[in-house]
Amino acid sequence: MNVLSIVSFLLITGLVAVISAIKTRKRKVQTTSGLFFADHNNNFFIVGGALLLSNISANQFIGENESIYTNNMSVMAWGVSSVLAMLLVAEFFLPIYFRTGAMTIPDYLGKRYDDSTKRLVSIIFLCSYIVNLLPAVLYGGAVALTGMFNFLYPLELTYWQNIWVMVWLIGLTGCAYSVLGGLRAISISDTVLSIGLLIIGIAFPYFGFKFLGNGDWFKGLHILFSEHKEHLNSIGGPKDEIPLSTIFTGMFIMNLYYWGMEQFIVQQALSAKSLSHSQKGMGLACLGKLLCPFIINIPGLVGVHLYQNLENTAEVFPLVVKDTLPGVMIGLTAAVVLGAAISTFNAGLNSSSTLFVLNLYKPWLEKKNKEVTEKHLVYTGRKFEIIVSALAMFSAPFIIFSKAGFYTYLQQLSGMFCLPIFTIILIGFVFKKVPPQAAKTGMVFFILGYIIFNYVLNIKLHYLHMLALLFVLTSVCMLLVAKFYPGYNYIEIKLESVELSPWKNRYWYFGILIIGMIGVFVLFSKWGVA
């Protein structure tokens, strides 16, 4: 346990908290708009940083490096291929949300279909966050911090007990951020931490390759690119964890859902002061995603050469960091990993509260003809965040018993929640004659189909291909139901007061990003370093 690394970790973590406090001290969170949307006042730089850090949680540091260690670089497809989905979201989805005034995804579905669909999707979102997102974020952060430095070594606690303590440390800190500062404090801390992430991305290849080459940086680089080259390949085959073909089926669907329909991501985009700033923020986050293989995945590649037959492969990232980086950099890495875990946890927590308060609790109060005040809604939102935090902190440590790889476990579980929502939103976007009855039928059809495909029938099909197949079947089901309601036709409500001028030069920038996305795949392939 390096004293210098712990001191630097505490100083950097404290600095981020102080900057967030200074930037938000003059803005008291007294309204739901301030608590949940930062009063729609974030510029593109803050939006981009928040989108990137909300996406990059400790789960990716742990899960992706574990996958690279056990398989190869094909896992990077989740992040790199998401650039295409993000650009489609910026071009087509964000304008719809801005001009309809939708504050949440269920809010949009309430406008597109009806209030019962809005309530149903809100409940599914909440279940997804409480069962999957929040516990997984806490667990990933706990594994990373426990591996980098065992704070609790003097107490002689077991690994399992360490995980429990770290989960509660991250959970309580994240809950305090969200409850006291709202989305603005979360966005500011994300932006500051993104700078730290960039520093790590530059520093780790230097120190990691130098350690691998016993003090010789070029020798370490040569070892990385000449030995175990199969781990450098991002073009997954049929037997790999992420086959290349899945990029065009289930993975594309899940990426499009995540960046365009996942509440805690969309909420960051809608906190922008205009559509133009929101699109620029998404574009900035795209650039960050293209850099992620060089920032996040190098430790997994170094770990392949340093360790053989790790008993707990999820520990490869923290072990590499602890063994190769100097004390100050370990502290910075730990601070960024903690910040990334807190960031995603905060965003999910804030969005859970948004969904509950605006889509379930407030309509219930109005239905009962009870007085609805901003002060009461903010108080209820904060109380709900505390309850959800406690549930997540109690359940997170048990993820250690998952038989699948950590990252695969996350993606499989999230598919069960996200695909039915994605289907009814996309069909609602494209077909104006699809009624609310079709949306509800589609939700039920998908859930039943998912259960049958995964737990009743023994189908030998990659889970991402299976999700794509279920998407097609559910879409057909919804369109068939629509045939029984020929008189239905949705007319979109447009808000004239909203600034809808798009980012003028976006197409040039989008084109460069697409070329960059293809280039990263080529680099990590048999035509490049593999």
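Side chains are part of it too, since the values below use all heavy atoms of this structure and drop only hydrogens, waters and symmetry mates.
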Student check: side-chain heavy atoms of Phe209 and Asp216 closer than 4.5 Å: no
Closest contact, heavy atoms only, Lys219 versus Gly213: CD-O, 3.7 Å
Parallel, tilted or perpendicular: rings of Trp160 and Trp164 (30°, 60°): perpendicular
Parallel, tilted or perpendicular: ring planes of Trp168 versus Phe394, cut at 30 and 60 degrees: perpendicular
Aromatic ring proximity, centroids under 6.0 angstrom, Phe294 and Phe524: yes
Atom of Ala272, atom of Val47 and distance for their closest heavy-atom approach: CB-CG2, 3.8 Å
Side-chain touch Phe207/Phe211, heavy atoms, less than 4.5 angstrom: no
Any side-chain heavy-atom pair of Leu301 and Leu224 under 4.5 Å: yes
Side-chain donor or acceptor of Ser82 paired with backbone N/O of Gly79 under 3.5 Å: yes
Expected output: side-chain Trp259 to main-chain Val83 donor-acceptor under 3.5 Å: no
From Leu232 atom CG to Asn297 atom CG, the distance as rounded to the nearest 0.5 Å: 11.0 Å
Derivation of the side chain to side chain contact (heavy atoms under 4.5 Å, CB included) call for Phe93 and Val266: CA-CA 10 Å; Phe93 290 24; Val266 173; over 6 Å; no
Heavy-atom closest pair, residues Met251 and Ile242: CE-CG2, 3.2 Å
Over all atoms of both residues, closest heavy-atom pair of Gly331 and Ser8: CA-OG, 3.1 Å
Summary of side-chain hydrogen bond (donor to acceptor under 3.5 Å, both in side chains) pairs that have at least one residue in residues 389-401, sequence neighbours excluded: none
Can you give me every donor-acceptor pair (side chain of residues 277-287, partner residue at least two apart or in another chain, under 3.5 Å) with its distance?
unit_1	atom_1	unit_2	atom_2	d
His277	ND1	Phe44	N	3.0
Ser278	OG	Ala269	O	3.0
Gln279	OE1	Trp503	N	2.8
Gln279	NE2	Ala90	O	2.8

Atom pair CG/CD1 of Leu290 and Ile518 - distance to nearest 0.5 Å: 11.0 Å
Phe204 vs Val320 side-chain heavy atoms within contact, under 4.5 Å: yes
Side chain proximity check, Phe446 to Leu467, heavy atoms < 4.5 angstrom: yes
side-chain hydrogen bond (donor to acceptor under 3.5 Å, both in side chains) partners of residues 221-233, not counting sequence neighbours, each pair once: none
Evaluation steps, side chain to side chain contact (heavy atoms under 4.5 Å, CB included), between Leu426 and Phe471: CA-CA 10 Å; Leu426 190 67; Phe471 162 71; 3.8 Å; yes
For Thr249 against Leu464, the heavy-atom pair lying closest together: OG1-O, 4.1 Å
Euclidean distance, Asn71 CG relative to Thr313 OG1, rounded to 0.5 Å: 11.5 Å
From CZ (Phe345) to CG (Leu134), nearest 0.5 Å: 5.5 Å
Derivation of the side chain to side chain contact (heavy atoms under 4.5 Å, CB included) call for Met166 and Leu169: CA-CA 5 Å; Met166 289 299 178; Leu169 174 67; 4.1 Å; yes
Donor on one side chain, acceptor on other, Glu262 and Tyr129, under 3.5 Å: yes
Min side-chain heavy-atom separation Asn72-Ser234 under 4.5 Å: no
Derivation and outcome, side chain to side chain contact (heavy atoms under 4.5 Å, CB included), residues Met86 and Asn255: CA-CA 8 Å; Met86 294 165 75; Asn255 275 331; over 6 Å; no
Residue among Val80, Leu52, Leu51 satisfying side-chain contact (heavy atoms from CB on, under 4.5 Å) with Lys289: Leu52
Within-4.5 Å side-chain heavy-atom neighbours: Phe453 and Leu473: yes
His462-Thr246 side chain donor-acceptor pair, cut-off 3.5 Å: no
Main-chain N/O of Gly63 paired with Ser67 side-chain donor or acceptor, under 3.5 Å: no
Min side-chain heavy-atom separation Val89-Met261 under 4.5 Å: no
Nearest-0.5 Å distance, CZ of residue Phe510 to CG of residue Leu87: 5.0 Å
Approximate separation, where rounding is to 0.5 Å, of Ile296 CD1 and Leu291 CG: 10.0 Å
Closest non-hydrogen atom pair between Ala142 and Val167, with its separation: CB-CG2, 3.7 Å
N/O donor-acceptor pair under 3.5 Å between Tyr307 side chain and Leu319 backbone: yes
